[in-house]
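This chain uses plain numbering: 1 for the first residue, then up along the sequence.
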Amino acid sequence: MSDAPHTDPEDPGALPDAALPSALDEAAGGPDAVAASTTLAADQIPAEQRDDHAVEPESRSHRFFRELGSGSFLLSVLAILLALIVGGIFIAATNAQVQEAAGYFFARPGDTIAAIWNAVAGAYSALFQGAVFNFNSPDFGTGIQSLGSTLSFATPLIAAGLGVALSFRVGMFNIGGQGQMLIAAAAAGLVAFDLHLPWGIHIVVAVLAALAGGALWAGIAGFLKARTGAHEVIVTIMLNYIAFNLLNYFLNTPVLRAPGSNDPRTPASLPTAVFPSLFGSAYSVDLGLILVIIATIVVWWLLERSSLGFKFRAVGENPNAARVAGISVKSVYIWAMVISGSLVGLAAASQVLGRITTGFGSDIDAGIGFSAITVALLGRSRPFGVLVAGILIGAFQAGGFAMQAADGVPVEVIAIIQSVTVLFIAAPPLVRAIFRLPSPEAVRRTPKTSTRKGVVAK
């Protein structure tokens with residue numbers, strides 16, 4: 001018998017039998033060996049038998065832009081851009097000069113276009129100067145005070161937004177921020193104006209009281225969800241009403257009402273319980289901003305690096321699978337609401353101990369509990385995304401007053417911009433359709449390497 005390798009005479013392109021053990025040995029070495037053997041086999045196939053329809057590899061730059069176009073960051077930016085466009089339409093529609101010029105549009109259309117430009121550009125210029133930097137100020141220090149106002153508005157929004165975002169990651173809807181803020185504010189206020197403690201210790205105790213108040217009120221919803229299956233949306237809404245009326249009751253009794261006052265307001269916080277200013281009283285930035293930044297980092301670590309955060313994310317993805325894996329879903333629900341409520345309580349502390357230190361009423365929440373939902377949605381329920389979203393919403397609020405004062409723009413337009421922003425954020429397919437962006441599924445289906453069909457080793 002001849003030792004020459006056997007080949008199929010009817011198939012001149014077939015591989016020798018001796019090549020098969022070598023290919024199997026390479027396959028046992030792992031994916032790289034398999035790829036190498038496949039390439040070798042393909043190179044040994046005659047050119048007339050190779051597949052002419054091989055898929056060409058996609059360039060790295062092309063794939064980068066495709067993934068960028070399907071990412072959440074770009075979608076958020078484009079959603080804000082669309083919201084500004086819609087806001088500009090409302091600004092132009094409510095402007096008196098635009099309405100007057102539109103009366104003779106067909107005679108002189110240029111006047112209408114110029115009026116629209118002046119109205120929209122003037123309003124957004126005032127928004128920028130009221131929120132970031134005022135170019136009309138005599139010096140840089142005075143001009144940057146606008147940014148201080150933005151950060152002051154953003155501080156409680158970020159804290160409350162972190163709380164709502166954390167509950168979202170667990171698959172729960174904590175829309176009880178108003179009630180949690182009111183209870184936390186009452187607890188912080190009692191410590192701030194009723195206890196006499198040294199500076200530093202007084203602030204710590206007041207902040208802890210706010211965290212405990214918010215955690216307690218949100219923990220009720222978490223407990224009922226875990227033990228009875230009650231839906232947290234209904235429970236938190238009812239708790240909002242209970243907290244509001246409970247605070248009103250205490251404000252009309254000596255428990256919280258300032259002595260000798262006929263108004264339902266608390267006494268002023270003691271100086272030892274007031275957050276110190278970071279850059280001077282003119283900039284409106286206090287210790288609360290530092291606490292909120294620390295809270296953002298802690299929440300990021302909790303969700304992304306801790307075992308408890310893994311349980312949170314697992315339950316948020318699929319509670320049934322998490323239960324099968326041995327995770328106590330009920331305890332996760334309780335802990336998630338407790339931590340969420342404590343973060344909302346931090347927002348209340350920034351209000352009582354930072355922004356409003358002369359006494360507060362039942363309006364201390366200032367709509368922050370519900371605005372936190374907007375911040376959490378805009379930040380995609382990610383801690384650092386919530387940080388940026390809170391600053392953005394704070395800029396809208398700070399710049400809205402400048403828009404109203406400088407150009408007479410209705411402050412409701414700012415609310416429209418915020419609402420439309422959330423609308424577009426909540427509808428990514430709509431944003432992709434408008435800007436013709438690829439979907440994430442299309443990006444994932446894009447081949448990364450070239451492939452050949454019909455490669456068969458014999």
Taking side chain to side chain contact (heavy atoms under 4.5 Å, CB included) as the criterion, tell me which of Thr272, Val274, Leu353, Val207 meets it with His202.
Thr272
Are more than 12 heavy atoms from other residues, nucleotides or ligands located less than 6.0 Å from atom CZ of Phe310?
no
Rounded distance [0.5 Å steps], CG in Leu270 versus CD1 in Ile203
11.5 Å
Does atom CD (Glu317) have a neighbourhood of more than 12 heavy atoms from anything else shown, all under 6.0 Å?
no
Does the Ser342 side chain pair with the main chain of Ile339, one donor and one acceptor, at a distance under 3.5 Å?
yes
Correct closest heavy-atom pair for Gly161 and Val375 would be CA-CG1, 4.3 Å
Take Ile80 and Val77, measure what side-chain contact (heavy atoms from CB on, under 4.5 Å) needs, and give me the verdict at the end.
CA-CA 5 Å; Ile80 295 171; Val77 172; 5.7 Å; no
Pair Gln97-Asn118, side chain to side chain donor-acceptor pair (under 3.5 Å): steps then yes or no
CA-CA 9 Å; Gln97 285 74 22; Asn118 292 333; over 6 Å; no
For the student: nearest non-hydrogen atoms of Leu166 and Ala336, plus distance
CD2-O, 3.5 Å
Counting only heavy atoms not in Asn262 (residues, nucleotides, ligands), do more than 12 fall under 6.0 Å from its CG?
no
Do Ser146 side-chain atoms and Val132 backbone N/O form a donor-acceptor pair below 3.5 Å?
no
Would you name the heavy atoms of Met403 and Ala123 that are closest together and state the gap between them?
CG-O, 3.2 Å
When you compare the side chain of Val386 with that of Thr296, does any pair of heavy atoms fall below 4.5 Å?
no
Keeping Tyr124 on the side-chain end and Gly88 on the backbone end, is there a donor-acceptor pair under 3.5 Å?
yes
Any chance you could measure Arg169, atom CZ, to Arg380, atom CZ, to the nearest 0.5 Å?
13.0 Å
Return yes if some donor-acceptor pair links the side-chain N/O of Asn240 with the main-chain N/O of Gly179 below 3.5 Å, else return no.
yes
Tell me if the CZ atom of Phe133 is crowded by more than 12 foreign heavy atoms within 6.0 Å.
yes
Is the shortest side-chain heavy-atom distance between Met337 and Lys225 below 4.5 Å?
no
Is Thr112 reaching over with its side chain to a backbone N or O of Ala101, donor-acceptor style, under 3.5 angstrom?
yes
Counting neighbours of CD on Gln99 that are heavy atoms of other residues, nucleotides or ligands and sit closer than 6.0 Å, is the number greater than 12?
yes
Going from CG on Asp286 to CZ on Phe279, what distance comes out if it is rounded to the nearest 0.5 angstrom?
10.5 Å
Pi-cation contact, Phe275 with Arg355 (under 6.0 Å, within 45°)
no
How far apart are the C-alpha atoms of Tyr333 and Val315, what are their side-chain angles, what is the distance that settles it, and do they pass the side-chain contact (heavy atoms from CB on, under 4.5 Å) test?
CA-CA 9 Å; Tyr333 284 153; Val315 172; 3.8 Å; yes
Is the backbone of Ser328 close enough, under 3.5 Å, to the side chain of Ser331 for a donor and an acceptor to pair up by distance?
yes
Would you give the length of the straight line joining atom CG of Leu343 to atom CG of Leu211, rounded to the nearest 0.5 angstrom?
8.0 Å
Apply side-chain contact (heavy atoms from CB on, under 4.5 Å) to residues Leu430 and Leu423 and explain how you reach the verdict.
CA-CA 10 Å; Leu430 177 60; Leu423 174 64; 5.8 Å; no
Does Val292 form a side-chain contact (heavy atoms from CB on, under 4.5 Å) with Ser350? I'd like the steps, not just the answer.
CA-CA 9 Å; Val292 163; Ser350 69; 5.7 Å; no
Considering only heavy atoms from C-beta outward, does the side chain of Ile364 approach that of Met181 to under 4.5 Å?
no
Once you round to the nearest 0.5 Å, how far does CG of Leu127 lie from CD1 of Ile417?
7.0 Å
Check Leu289 against Leu151 and note the closest heavy-atom contact, atom names and distance.
CD2-CD1, 4.0 Å
Minimum heavy-atom distance between Leu378 and Leu392, given as atom pair plus value
CD2-CD2, 3.6 Å
Side-chain heavy atoms of Leu303 within contact of Phe312, under 4.5 Å
yes
Tell me, do Tyr241 and Ile237 make a side-chain contact under 4.5 Å, heavy atoms counted?
yes
Can you tell me how far the CG atom of Leu256 sits from the CZ atom of Arg265, to the nearest 0.5 Å?
12.0 Å
Would you say that Ser269 contacts Val352 through its side chain, given a criterion of any heavy-atom pair below 4.5 Å between the two side chains?
yes
Main chain of Gly341, side chain of Trp217: is a donor-acceptor contact present, judged purely on distance under 3.5 Å?
no
Within a reach of under 6.0 Å around OH of Tyr283, are more than 12 heavy atoms found that belong to other residues, nucleotides or ligands?
yes
Can you check whether Val409 reaches Phe90 side chain to side chain, under 4.5 Å on heavy atoms?
no
Between Thr236 (side chain only) and Val233 (backbone N and O only), is there a donor and an acceptor less than 3.5 Å apart?
yes
Smallest heavy-atom separation, Ile368 atom then Ala160 atom, equals CG2-CB, 4.0 Å
List the steps and the verdict of side chain to side chain donor-acceptor pair (under 3.5 Å) for Gln145 and Ser149.
CA-CA 6 Å; Gln145 290 179 4; Ser149 299; over 6 Å; no
Within the distance-only criterion (no hydrogens, no angle test), does the side chain of Ser419 pair as donor or acceptor with the backbone N or O of Ala415 below 3.5 angstrom?
yes
Students often mix this up, so state it plainly: with edges at 30° and 60°, are the rings of Trp300 and Phe384 parallel, tilted or perpendicular?
tilted
Heavy atoms, side chains only, cut-off 4.5 Å: are Pro276 and Trp199 in contact?
yes
So does Gly369 get a backbone contact from the side chain of Gln178, meaning a donor-acceptor N/O pair under 3.5 Å?
no
